[in-house]
Amino acid sequence: MTPELSTHLSEEAMDDVLIGLASPESDAHLAACSLCRSQLQEFRSAMQVFNQTSLAWSEDRSKAFHHSSAKPKIRPAIFVPLSWAMVAAVLLAIGFPMWNHHYLSRNYAPGPASTPENSEAQIAQDNELLQSVNLALNESDVPQINMYDLSDGPHPQLKVRPELRNR
Amino acid sequence: MGEYAISSFRLGAIPGEVIESCLMERVRPIHELDDIDALVRIYQARLLRFVACSTGDVDLAETIVQDTLLRAYNCRESFRGECSVNTWLTGIAINVLRDHQRTERYKFWKKVKTTAIDVHEMASFIPAEGSSPEVQLLAKEKVKRLAQVLGTLSPRQRTIFLMKFSEEMPVIDISEVLGIPATTVRTHLHRALKAVRSQLGAKI
């Protein structure tokens with residue numbers, strides 16, 4: 001703080017003056033110090049401009065608001081249960097079909113727990129079927145190339161014609 | 001408020017102590033509170049300014065002001081003239097706002113649509129009383145800056161600051177309306193002024 005400023009009012013003392021709690025010492029200082037007075041005046045004029053402007057703005061808003069609703073509307077007491085009943089009816093109209101659809105689809109569609117394919121007998125039957133399929137596949141798993149007798153020895157399943165054998 | 005109305009009594013039909021108590025007590029200003037049109041016309045703009053600047057939400061402020069005026073009209077018998085009508089209405093507005101914040105009745109709508117105060121729009125209402133365009137421009141900037149700085153204060157600090165410097169209520173009235181000690185009000189005012197000064201510069 002510069003030596004000149006140390007003789008002026010502190011911020012706290014200035015705030016006290018603004019709040020309306022000025023001490024006699026502050027009042028005496030303000031009577032003599034034009035710089036502190038001008039600082040206070042700066043704040044007060046800023047607030048004054050703000051208050052005038054904001055009041056003009058709110059008056060304008062109030063006029064518009066006043067035209068739209070001249071008086072605070074007193075809602076008759078009957079409107080409250082009626083509005084709640086209307087809300088309940090709308091909720092019912094939307095919610096019941098959704099619940100109904102969900103309930104029906106859950107009850108009539110075959111659920112995974114109730115299907116017989118998960119029972120032990122069914123599993124055993126499936127296993128048998130799979131084994132038989134596997135066996136059939138293994139039996140027919142003869143390489144197709146053997147059908148043409150391209151190996152060195154005679155193929156046991158093929159009959160060789162005698163004229164070809166004597167040639 | 002200087003004007004107070006006293007109901008017309010038929011003195012002979014009323015016991016003496018009743019007359020005395022009625023005459024001793026300051027009777028409410030009947031002309032304003034019994035006419036809701038006058039109540040709206042005189043106080044709506046001031047209330048709207050206070051609540052809008054305090055909450056920062058114009059639509060919410062209009063709802064609060066409407067509820068406040070309705071509640072004041074319905075409870076006008078309870079006004080005893082111990083403070084100004086404006087202070088009484090400000091107290092009701094604070095209570096309505098507190099009720100609203102407690103119940104959060106409009107929470108959903110607040111999320112959907114919050115209509116914040118347009119600082120530029122507000123600053124355009126600056127009074128042009130023979131001042132030069134440069135002065136008006138400076139004043140407009142000052143209003144905008146001050147409105148923005150007020151927006152950075154905590155809700156409690158902002159409310160107390162506006163009650164003191166916009167509504168020009170004494171500290172003791174603020175403490176009574178808010179139900180907090182006067183020392184707490186002063187502390188809030190000191191902090192608010194410090195914040196305003198630090199953000200607006202050393203000039204204020």
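Bear in mind that the values here come from a model prediction, so they are computed numbers and not experimental data. Per chain, numbering begins at 1; letters A, B, ... match sequence-line order.
Within 6.0 Å of CZ on B:Arg71 lie more than 12 heavy atoms contributed by other residues, nucleotides or ligands.
Between atom CD of residue B:Glu168 and atom CE of residue A:Met47 there is a gap of 9.0 Å, rounded to the nearest 0.5 Å. Atom CZ in B:Phe125 sits 9.5 Å away from atom OG in A:Ser58 (nearest 0.5 Å).
At a threshold of 4.5 Å between non-hydrogen side-chain atoms, the residues A:Leu18 and B:Leu193 count as touching.
Note: B:Phe165 and A:Phe50 fail the aromatic proximity criterion, with ring centroids not under 6.0 Å apart.
Looking at B:Ala139, both its backbone and its side chain come within 4.5 Å of chain A, counting heavy atoms on both sides. With a threshold of 4.5 angstrom between heavy atoms, B:Leu47 does not approach chain A through any atom at all. The part of B:Ala123 that comes within reach of chain A is its backbone (N, CA, C, O), which places non-hydrogen atoms under 4.5 angstrom from that chain.
When all heavy atoms of B:Lys164 and A:Ile19 are compared, the closest pair comes out as NZ-O, 2.9 Å. Closest heavy-atom contact between A:Asn51 and B:Arg49: O-NH1, 2.9 Å. Residues A:Leu55 and B:Arg46 approach most closely at CD1-CG, 3.9 Å, considering heavy atoms.
Taking the charged nitrogens against the carboxylate oxygens, B:Arg186 and A:Asp16 have no contact shorter than 4.0 Å, which rules out a salt bridge. Salt-bridge check for A:Glu11 with B:Lys194: failed, with every basic side-chain N at 4.0 Å or more from each acidic carboxylate O. Ion pairing of B:Lys142 with A:Glu42 is present here, as a side-chain N (NZ or NE/NH1/NH2) and a carboxylate O approach within less than 4.0 Å.
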**Report entry** side chain to side chain contact (heavy atoms under 4.5 Å, CB included) evaluation trace for B:Val58 with A:Trp57
**Finding:** CA-CA 11 Å; B:Val58 183; A:Trp57 168 81; 3.9 Å; yes
Requested in this report: For B:Arg197 and A:Asp15, run side chain to side chain contact (heavy atoms under 4.5 Å, CB included): C-alpha distance rounded to whole Å, both residues' side-chain angles, the deciding distance at 0.1 Å, then the answer.
Outcome: CA-CA 10 Å; B:Arg197 188 185 294 111; A:Asp15 290 351; 2.2 Å; yes
